[in-house]
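The model shown is predicted, which means the values in this text are computed figures rather than measured ones. In each ligand, atom 1 is the first atom listed, and ligand 1 is the first ligand listed. Just the heavy atoms: all of them, side chains too, but no hydrogens, waters or symmetry mates, feed the values below.
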Amino acid sequence: KTHKAVPAPPGLPVIGNLLDLAGSETPIGALEQLAEKWGPIYKLTLGGRERVIIANYALFEEVCDETRFFKVPGAGLDSLQSGSPGPPGLFTAPSEKHPDWGQAHRILVPAFGPLSIRNMFDEMHDIASQLVLKWARKGPSYRIPITEDFTRLTLDTIALCTMDYRFNSFYQDGMHSFVDAMLAVLTDGGARARIPKFMHKFMVMRNKSRQENGKHMVDTAQEVIRHRRENPSGKKDPLDSLINGKDPKTGEGMRDPLIASNLITFLIAGHETTSGLLSFAFHLMLTNPRTYFEAVEEVDRVVGRETLSVDHLKDLKYINAILRETLRLQPTAPLFTRGLREENIEDPFTVGGYALNRDWPIMCLIGKIQRDPQVYGDDANEFRPERMLDEEFDKLPKAAWKPFGTGMRACIGRPFALQEALLVVAILLQNFDFRMDDPSYQLKIKSTLTVKPLDFYVRATLRKGVS
Ligand code: HEM
């Protein structure tokens with residue numbers, strides 16, 4: 001039986017298909033355009049390595065099979081790991097067989113479980129209130145840089161809830177130096193992924209600043225650990241689990257460099273994605289006013305003028321659906337990578353009837369996959385939160401909605417992110433009327449490891465009856 005060859009846009013020697021990615025606003029946009037032209041599976045040479053890209057539901061469902069495939073850290077994650085000195089955190093660990101992954105996973109899963117997250121509500125509320133206060137003080141004439149303010153919010157929230165550290169981002173004009181260092185490492189990682197590895201060593205200035213930035217992140221994390229050891233607060237948070245927890249399998253506690261790596265992981269994995277989600281949610285609501293008014297109506301009905309509490313959240317079903325639908329259309333971690341399991345000896349190795357080499361990483365373009373009309377119908381590109389209400393959501397095929405990844409290595413922070421986002425949307429709609437600063441604004445995207453709206457501004461006016 002013969003198998004089809006994976007279509008491959010022709011590339012150039014050395015730089016491979018780098019130029020195919022140059023024409024578009026973002027690398028993700030470019031990969032999506034190539035899928036329009038070459039179909040739902042194609043192959044590129046990037047960073048000196050052949051990679052397969054998949055972009056529809058049927059192919060994706062196949063590579064979600066955990067018995068055949070597993071997560072391989074994609075190009076971005078790979079250079080993120082090499083950019084920070086120290087052992088791998090959960091996110092960047094090379095495989096679930098790596099002992100550092102296993103230990104961190106077993107110690108941290110309960111710390112990010114539903115009960116722990118529920119207990120974090122008050123701290124999440126604390127930071128969200130700071131945002132409300134800021135926008136209330138600035139008044140309706142202030143052009144709100146919403147994405148930047150959401151980044152302040154999500155960074156402060158993840159740091160406070162997971163390690164009792166206050167970045168106080170709302171009290172400074174710029175971002176905390178940790179954030180600058182982190183953004184530099186992420187941007188650099190993205191750029192590196194597109195350049196052949198052997199060229200990296202020639203980027204002398206770049207390598208130097210990357211080292212400095214990596215070191216700054218580790219220093220910040222170590223400072224947080226030192227502070228907790230010297231001031232044991234009794235607070236039961238993920239930092240406490242990292243410092244005092246024992247691996248149920250081996251009985252061992254975690255060594256400090258690995259604790260530091262995982263704190264950095266929380267900060268990186270935990271804030272940009274959630275801030276992007278909130279920004280896209282507001283963009284989608286404001287460009288689809290029907291959904292905006294529906295959400296306001298829900299907040300008024302469920303919360304009214306009461307102080308928002310954790311018990312309100314389960315009744316905010318429409319806003320929850322808005323968040324799911326936002327993550328379907330604009331998944332803020334828009335790509336993740338799967339690979340054939342080592343122990344899987346299938347020969348020939350095929351996906352969707354196409355012959356693949358065993359060592360080709362398979363990059364899943366999740367934004368495109370979640371817009372597949374086969375699953376979502378003719379209005380797959382439209383923002384229609386109704387399709388994400390629980391009754392509909394529960395009927396979706398298993399791999400249809402995977403913005404948090406899949407399998408063993410799926411996101412540990414999913415309940416955290418969804419609770420935070422729900423709380424924030426609710427508290428903001430309870431307190432303000434929103435409109436776009438420029439009604440003719442056309443969505444532009446900024447990408448590092450994650451994507452978010454670029455140059456998107458809104459205005460907020462305190463609602464009548466709010467004092
Ligand atoms: C993994 C998305 C929020 C921590 C992942 C993965 C995705 C993802 C797609 C899998 C990546 C891959 O397969 O390579 C998101 C989105 C979020 C979000 C869209 C927000 C809307 C968070 C938060 C945390 C977090 C708040 C808090 C710490 C992690 C960690 C992993 C991960 C530690 C690695 C898990 C492992 O490999 O064992 N996330 N994430 N994420 N995420 Fe999230």
**Prompt:** Can you find an N/O atom of Phe266 closer than 3.5 Å to an N/O atom of ligand 1?
**Reply:** no
**Request:** Establish, from distance only, whether the side-chain atoms of Asp372 and Gln374 form a donor-acceptor pair under 3.5 Å.
**Result:** no
**Asked** Are any of the side-chain nitrogens in Glu343 or Lys97 under 4.0 Å away from the carboxylate oxygens of its partner?
**Response** yes
**Request:** Heavy-atom distances under 4.0 Å are what count here, so tell me which part of Ile158 touches ligand 1: side chain, backbone, both or neither.
**Result:** side chain
**Prompt:** So is there a nitrogen or oxygen of Arg409 less than 3.5 Å from a nitrogen or oxygen in ligand 1?
**Reply:** yes
**Fill in**
Judged by heavy atoms only, the candidate from Phe336, Phe416, Phe404 nearest atom 15 (C) of ligand 1 is Phe404
**Proximity of Thr332 to ligand 1 by residue part, where a heavy atom lies under 4.0 Å** = side chain
**Request:** With atom 26 (C) of ligand 1 as the reference point, say which of Cys411, Gly405, Gly270 has the nearest heavy atom.
**Result:** Gly270
**Request:** Verify the ring-centre separation between Phe112 and Phe266: is it less than 6.0 angstrom?
**Result:** yes
**Message:** salt bridge (charged side-chain N to carboxylate O under 4.0 Å, His left out), that's the test. Do Asp256 and Arg226 meet it? Break it down for me.
**Reply:** CA-CA 10 Å; Asp256 272 16; Arg226 190 190 56 76; over 6 Å; no
**Item:** Contacting atoms of ligand 1, where contact means under 4.0 angstrom from a heavy atom of Pro403
**Value:** 2 (C), 9 (C), 19 (C)
**Request:** Check the pair Asp219, Lys215 against salt bridge (charged side-chain N to carboxylate O under 4.0 Å, His left out), reporting the backbone distance first and the verdict last.
**Result:** CA-CA 6 Å; Asp219 288 348; Lys215 182 168 178 317; 2.9 Å; yes
**Message:** Test your reading of the structure: does Thr265 have an N or O sitting under 3.5 Å from an N or O of ligand 1?
**Reply:** no
**Request:** Return the minimal non-hydrogen interatomic distance between Gln103 and Glu252, and the atom names on each side.
**Result:** NE2-O, 3.4 Å
**Prompt:** Of the options Glu62, Glu66, Arg409, which is the one that meets Arg338 in a side-chain contact (heavy atoms from CB on, under 4.5 Å)?
**Reply:** Glu66
**Mode of Ala410 contact toward ligand 1 - side chain, backbone, both, neither (heavy atoms, under 4.0 Å)** = backbone
